[in-house]
Amino acid sequence: MSRAKQRIVMKFGGTSMAGIERIRHVAGLVKAEADRGNEVAVVVSAMAGETDRLVHLCKEAAPLYDPREYDVVVASGEQVTAGLLAITLSGMGANARSYMGWQLPIRASGHSSALIDHIDSEILEGVLSSGGIAVIPGFQGVTAEGEVATLGRGGSDTSAVALAVAAKADRCDIYTDVEGVFTTDPRIVPRARKLHAITYEEMLELASVGAKVLQTRSVGLAMRYNMALQVLSSFEAKPGTLIVGDDKIEEYQMEQQLITGIAHDKNEARVTLTGLPDRPGTVAAIFAPLAQANIIVDMIVQSGAGRGTATTLTFTVPTASLAHAVAELEKAKESIGFEQIMTDTDVVKISAVGIGMRSNAGIAAKMFDTLAERGINILAISTSEIKVSVLLPEDYTELAVRVLHSAFGLDAEQAA
Ligand code: ADP
Ligand code: ASP
Ligand code: MG
């Protein structure tokens, strides 16, 4: 029985595109999908390390670079790989052509972390329905003014899902350098277990607390449009991980794990303000200027009065915003009334995520106990409905992720 034709968006990350030999391998995977009778659009990342190199060049040119020009520079990495893949596919006899963000166009607003407004699907529809393979650079779009815009680091995942939604694809396959989504980063914990399936909601939460296997926005988009999403390896032909709705997860997992995954994030910095007056309005006076400056504050801890009426407030901000945050607080020093400001970038946020938490108390307590047993001091805590996060000294990253992974029964050997 012949299978119905499917429309598929295949996305390949930087490691998969690093060099002509790997691009040739990717071309083989793409051609095989097309030869099975499917309609294929391909989204590519820049070669591994290339975007970092380009970002670095911008900073070297001027530390306070213009985001408009930054986008012109960093979007170029994907232009190179899209062209090279189209050349390679054509050389293999496939009917492939590249289409830049401005050609489709992928309409976006803002610079350096632009949002996709709309993708015109006409050109893409035409190419796919006539049997052509469209190769599209990820990470880029075009503004209303016709300027190149980029979608933030890891943004090719978001390009892929957005294109899948616009083209009404049957599914979006994200090919990367690991076999799928694991219970934690397999590069930190070799005993991490590959998940057959994970819910959109859990993946969204894991990505937002540091599991960079998917850009958070791509998961939000897939969830919103119910796009079938899959993460799999471009190096090994093995089943990957399906990202599915809450209603479907039981098909893959009869029993709910308490915790689905553990993630870590080293890109937060701790700010501590001491000698704060213990009166209404103090906290508001601190966070108002930060909000005004668009600085995202994450974990917050207030410690009670030490001597007399002075209190201490600790919170975290993205490391990239630290200097800006300190400058804003110094400006507001008089109205806030703090004594001293201290900062620490040698911290890590470790989070346990799972929808099983909704029906189970005691996850946080277990996390704290496990860390205490190892003598690891917790600097701050935050929780949500399906997540507990702790802030720790950065040196403990690997140990903490490993012991928590074991404590929650996630190690591969313990799996049923
Ligand atoms: P790509 O270049 O393909 O977009 P990324 O480097 O952005 O790849 O994402 C893949 C990486 O994500 C893996 O190499 C792995 O180290 C990391 N990672 C972090 N957390 C997880 C997780 N829970 N499961 C799988 N990979 C993870
Ligand atoms: N090349 C871009 C980055 O490294 C986008 C991506 O690969 O998703 O962030
Ligand atoms: Mg990525």
Side-chain angles (χ1 to χ4, degrees), residues 10-18 22 26 43-56 58 70-71 73-82 101 112-114 136-141 149-163 172-198 202-219 230-236 240-241 243 259-267 348 350-354 397-398 401 404-405 410 412:
M10 304 171 82
K11 179 258 169 178
F12 294 90
T15 316
S16 315
M17 298 300 291
R22 291 195 181 166
V26 164
V43 175
V44 294
S45 284
M47 294 192 197
E50 179 63 4
T51 310
D52 284 345
R53 189 181 75 85
L54 296 169
V55 170
H56 195 79
C58 291
Y70 163 94
D71 280 352
V73 176
V74 299
S76 66
E78 272 74 8
Q79 174 157 341
V80 171
T81 47
S112 87
S113 53
I136 300 154
F139 188 48
Q140 62 167 255
T150 65
L151 309 178
R153 297 307 305 270
S156 295
D157 297 329
T158 300
S159 308
V161 175
L163 283 157
C172 180
D173 291 344
I174 307 284
Y175 287 83
T176 185
D177 56 3
V178 286
E179 282 175 31
V181 179
F182 285 70
T183 46
T184 194
D185 189 339
R187 300 194 193 284
I188 293 221
V189 181
R191 279 155 114 197
R193 193 157 39 85
K194 181 168 67 179
L195 298 164
H196 296 299
I198 182 171
E202 289 169 307
M203 191 64 238
L204 191 64
E205 196 86 54
L206 272 175
S208 75
V209 291
K212 69 160 187 165
V213 60
L214 287 173
Q215 196 195 33
T216 311
R217 284 164 56 189
S218 71
V219 188
Q230 178 175 203
V231 176
L232 64 174
S233 165
S234 59
F235 300 102
E236 302 202 47
T241 303
I243 325 290
I259 294 296
T260 301
I262 293 173
H264 72 278
D265 185 357
K266 293 184 179 172
N267 293 314
V348 62
I350 295 185
S351 309
V353 171
T397 307
E398 293 186 11
V401 172
L404 291 171
H405 195 263
L410 297 174

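Values in this document were obtained by computation on a predicted structure and should not be read as measured data. For ligands, and for the atoms within them, numbers begin at 1 and follow the listed sequence.
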Do any nitrogen or oxygen atoms of P186 lie less than 3.5 angstrom from nitrogen or oxygen atoms of ligand 1? no
Work out whether the distance between some heavy atom of G155 and some atom of ligand 2 is less than 4.0 Å. yes
Would you say E179's side chain and G240's backbone share a donor-acceptor pair under 3.5 angstrom? no
Give yes or no for whether the N/O distance cutoff of 3.5 Å, strictly under, is met between T176 and ligand 1. yes
Positive for side chain to side chain contact (heavy atoms under 4.5 Å, CB included) with V213, one of V231, D177, L206, D185: V231
Please list, in number order, the atoms of ligand 1 under 4.0 Å from a heavy atom of F182. 22 (C), 23 (N), 24 (N), 25 (C)
Hey, does S234 sit under 4.0 Å from ligand 1 if you only count heavy atoms? no
For A263 and A211 the tightest heavy-atom approach is CB-N, 3.9 Å
Give the residue, atom name and distance (to 0.1 Å) of the protein heavy atom nearest atom 16 (O) of ligand 1. D185 OD1, 2.9 Å
Nearest heavy atoms of M203 and L214, plus distance in Å: CG-CD1, 3.9 Å
Would G152 count as a polar contact of ligand 2, with the cut-off being nitrogen or oxygen pairs under 3.5 Å? no
Nearest non-hydrogen contact to atom 13 (C) of ligand 1 from the set L195, D177, V213, V181 belongs to D177
Could you tell me whether some N/O pair between D157 and ligand 1 is separated by less than 3.5 angstrom? no
Rounded to the nearest 0.5 Å, the CG atom of L151 sits from the OG1 atom of T158 at a distance of 6.5 Å
Suppose we measure from atom 6 (O) of ligand 1 to each protein heavy atom; which comes out shortest, and what is that distance? K212 NZ, 3.2 Å
To which protein heavy atom is atom 4 (O) of ligand 2 closest, and what is the distance rounded to 0.1 Å? R153 NH2, 2.9 Å
Using heavy atoms and a 4.0 Å limit, tell me yes or no: is G154 in contact with ligand 2? yes
Which heavy atom of the protein is the closest neighbour of atom 6 (C) of ligand 2, given with residue, atom name and distance? S156 OG, 3.3 Å
Examine distances only and state if a side-chain atom of T176 and a backbone atom of G13 form a donor-acceptor pair shorter than 3.5 Å. no
Closest heavy-atom approach to atom 1 (N) of ligand 2 among M17, E78, M47 is made by E78
Of all the heavy-atom pairs spanning E202 and V353, show the shortest one and how long it is. O-CG1, 3.8 Å
Where the side chain of R217 meets the backbone of G155, is there a donor-acceptor pair that is under 3.5 Å apart? no
To which protein heavy atom is atom 4 (O) of ligand 1 closest, and what is the distance rounded to 0.1 Å? K11 NZ, 3.1 Å
Which heavy atom of K11 sits nearest a heavy atom of S156, and at what distance? CE-CB, 3.7 Å
How close do T397 and K266 get, counting heavy atoms only, and between which atoms? OG1-CE, 3.5 Å
Close N or O approach (T51, ligand 2; < 3.5 Å): yes
Identify, by atom number and element, the atoms of ligand 1 in contact range of V178, meaning under 4.0 Å from any of its heavy atoms. 13 (C), 14 (O), 25 (C), 26 (N)
Go through ligand 1 atom by atom and flag the ones less than 4.0 Å from a non-hydrogen atom of G180. 24 (N), 25 (C)
In this structure, does ligand 1 have an atom that sits under 4.0 Å from one of the heavy atoms of G261? no
Counting heavy atoms under 4.0 Å, the part of I174 that contacts ligand 1 is neither
Which option out of G14, G210, A48 puts a heavy atom nearest to atom 2 (O) of ligand 1? G14
Which protein heavy atom lies closest to atom 7 (O) of ligand 2, and at what distance to 0.1 Å? S45 OG, 2.8 Å
Is a side-chain N or O of T183 found less than 3.5 angstrom from the main chain of R193, in a donor-acceptor match? yes
Take every heavy atom of Q215, measure it against each atom of ligand 1, and state whether any distance is under 4.0 Å. no
As an exercise, identify every atom of ligand 1 less than 4.0 angstrom from a heavy atom of A211. 20 (N)
Pair S218-D157, side-chain donor/acceptor within less than 3.5 Å: no
Looking at every heavy atom in both K194 and F182, which two are closest together, and how far apart are they? N-CD2, 3.5 Å
What residues, two or more places apart in sequence or in another chain, satisfy side-chain hydrogen bond (donor to acceptor under 3.5 Å, both in side chains) together with Q79? none
